[in-house]
Number of protein chains: 2
Amino acid sequence: MQQQAPPLPVAAADKTPRTARGQRTVRIILDAAAAEFGERGYHDGSIARIAQRAGVAIGSFYTWFDSKEAVFRALVADMSRQVREHVVPHILAAPDRLSGERAGLAAFLDFVRTHKALYRIIDESAFVAEDAYRAHYVSVAEGYATSLAQAFGKGEVSDGDWQVRAWAIMGMNVFLGLKFGVWDETRSTADIAAAAHALISDGLAPRR
Amino acid sequence: MQQQAPPLPVAAADKTPRTARGQRTVRIILDAAAAEFGERGYHDGSIARIAQRAGVAIGSFYTWFDSKEAVFRALVADMSRQVREHVVPHILAAPDRLSGERAGLAAFLDFVRTHKALYRIIDESAFVAEDAYRAHYVSVAEGYATSLAQAFGKGEVSDGDWQVRAWAIMGMNVFLGLKFGVWDETRSTADIAAAAHALISDGLAPRR
DNA sequence: CTGAAACCTGAACCAGGATTCAACTCTGGA
DNA sequence: TCCAGAGTTGAATCCTGGTTCAGGTTTCAG
C-alpha cells in the first residue's frame, strides 16, 4: 500500500522507452553500438559515431543511455543472450551430452564467424565491465556443470570434478572460437568440432 | 659500404638506454607501468601516475617510450617472457609430457596467483595491441603443438590433431587460470591441476 | 678537470570526445 | 482539431590526460 500506481516507483527517472517509437530507437542505437564497438573496440569507439551510424542525434543517445559504459553493458547482456540462444538448442537436440558438446561447439564456431563483433565485445567487457563479464562466464559455466552432472546420471560421461571440467571445456571452446572462428577460417567448423570432441571424449592418453 | 660505423644506422632515433643509469630507469618505469595497468587497466591507467609511481618526471617517461601504447607493448613482451620462463621448466622437469602438463598447469596457476597484474595485462593486450596478443598466444600454441607431437613420437600421447589440441589445452589453462588463479583461490592449485590432468588425459567418456 | 653526450624535469599545451541543455518536432488520445 | 507528454536535436561546454619542449643536471671519456 506504500507504492501506488504512478508508473515505476523506484526506477522513476529511468530511460525505458514508453512508446513503440522509443523502442525502435533504442534497438537502432544498440545495433549501431554493436557495429561501432565491434570495429573499433570500446575506447576508440565514440558516441558521436554511434549516433551517426544510428542516424540519430547525440542527444537522443543520452535520452536512452546514461553513458558510454551503459550502452556497452546493455550490449553485453544482449549478446550473452544471443550466443546462448543460438548454441543451446544444438546441444539439446543431440542424442547424448558428448555428441551434444560437439554439435554445440560447431554451432558456436559458426556463430562466431558470423558475429565477430559480438564475440569481441563480450571479451572486452572483461576490462570495461568486469562484473558483466564474470556474470556471463559464471552463468555459462554453471550451465555446463549441471549439464555434465546430469549426463553422468545417465551414464553418458564418467565421474569427475564438475567445476573444473566446466571451466576447462568452456575455455577450450572460447579459445577454439578465437583461433578458428575469428582469426583463421581455413578449416571447417565441423572439422574443428570433431577434433575437439575426440579430445574431450577420450583424452590424450595413448591407446592401451 | 653504405652504412658506416656511426652507432645504429637504421634505428638511429631509437630510445634504447646507452647507459646503466638509463637502463635502470627503463626498468623502474616498466615495473611502475605494470603496477598501474594491472590495477587500473590500460585506459584508466595514466602516464602521469606511472611516472609518479616510478618517482620520475613525465618527461623522463617520454625519453624512453614513444607513447602510452609503446610501454604497454613493451610490458606485454616482458610478461610473455616471464610466464614462459616460469612455466616451461616445470614441464620439462616431468618424466613424461602428460604429467608435465599437470606440473605446468600447477606452476601456471601459482604464477597467476602471485602475478595478477601480468595476467590481466596480457589479456587486455587483445584490445590494445592485438598483434602482440596474437603473437603471444600463437607462439605458445606452437610450442604446445610441437611438444605434443614429440610426445607422440615417444608414445606418451595418442595421435590426433595437434593444432586443435594445442589451442584447446591452452584455452583450458587460460580459463582455469582466470577462474582458479584470479577469481577464486579457495582450492589448491595442485587440486585443480590434477582434475584438469585427468580430463586431458582420459577424457569424459564413461569407463568401459 | 672539463665539456659534450645522456638524462631528467614538469609546467603548459591541446585534442579528442563524453556529456549537457534549452528549444523544437511528433504522436496519439480526447 | 488540439495539446501534453514523449522524443529529438546538435552546438557548446568541460575536462581528462597524452604529449611537447626549453632548459637544467649528471655522467664519464679523454
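Below, chain A is the first sequence line, B the second, and so on; all start at residue 1. All values derive from a computational prediction rather than experimental measurement.
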Out of [options], whichever nucleotide has its closest atom nearest the side chain of [X]:
| X | options | result |
| --- | --- | --- |
| Arg21(A) | dT27(C), dT19(C), dT9(C) | dT27(C) |
| Ser67(A) | dT19(C), dG10(C), dT9(D) | dT19(C) |
| Tyr62(A) | dA18(C), dT9(D), dG7(D) | dA18(C) |
| Thr63(B) | dG18(D), dA18(C), dT9(C) | dT9(C) |
| Ser46(A) | dG7(D), dC28(D), dA18(C) | dA18(C) |
| Arg18(B) | dG10(C), dG7(D), dA6(C) | dA6(C) |

Nearest-nucleotide 5' precedence on DNA chain D, Ala20(A) against Gly45(B):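 Result of the comparison: Ala20(A).
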Earlier contact from the 5' end, DNA chain D, for Gly59(B) and Ser60(A):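 The residue closer to the strand's 5' end, by nearest nucleotide, is Ser60(A).
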Rounded to whole Å, please give me the gap between [atom1] in [X] and [atom2] in [N].
| X | N | atom1 | atom2 | result |
| --- | --- | --- | --- | --- |
| Glu69(B) | dG17(D) | CD | C1' | 16 Å |
| Lys68(A) | dT20(C) | NZ | P | 15 Å |
| Asp66(B) | dT20(D) | CG | C1' | 13 Å |
| Phe61(A) | dG10(D) | CZ | C1' | 15 Å |
| Gln23(A) | dT27(C) | CD | P | 16 Å |
| Phe65(A) | dT8(D) | CZ | P | 12 Å |
| Ile47(B) | dG10(C) | CD1 | P | 16 Å |
| Ile58(B) | dG23(D) | CD1 | P | 20 Å |

Ion pair Glu39(A)/Arg49(A), N-O distance below 4.0 Å: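 Looking at Arg49(A) together with Glu39(A), the answer is no, because their closest N to O distance does not fall below 4.0 Å.
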Ring geometry between Tyr137(B) and Tyr133(B) (parallel below 30°, tilted from 30 to 60°, perpendicular above 60°):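 Perpendicular, since the angle between the ring planes exceeds 60°.
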Sugar-phosphate only, base, or nothing, as touched by Thr19(A) at under 4.0 Å among non-hydrogen atoms: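 Sugar-phosphate, no base atom in range.
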Touch class at under 4.0 angstrom, heavy-atom based, for Gly55(A) against every strand present: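 The answer is nothing, as Gly55(A) stays clear of every strand by at least 4.0 Å.
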Donor-acceptor under 3.5 Å (Lys179(B) side chain, Gln163(A) main chain):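 Answer holds: no.
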Main-chain N/O of Phe127(A) paired with Glu124(B) side-chain donor or acceptor, under 3.5 Å: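 Side chain of Glu124(B) to backbone of Phe127(A), a donor-acceptor pair under 3.5 Å: no, none is there.
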Phe65(A) six-ring face occupied by Lys15(A) cation (under 6.0 Å, within 45°):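 No, Lys15(A) does not sit over the ring of Phe65(A).
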N or O in side chain of Trp64(B) less than 4.0 angstrom from dC7(C) OP1/OP2: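 No, because none of the side-chain N or O atoms of Trp64(B) sits under 4.0 Å from OP1 or OP2 of dC7(C).
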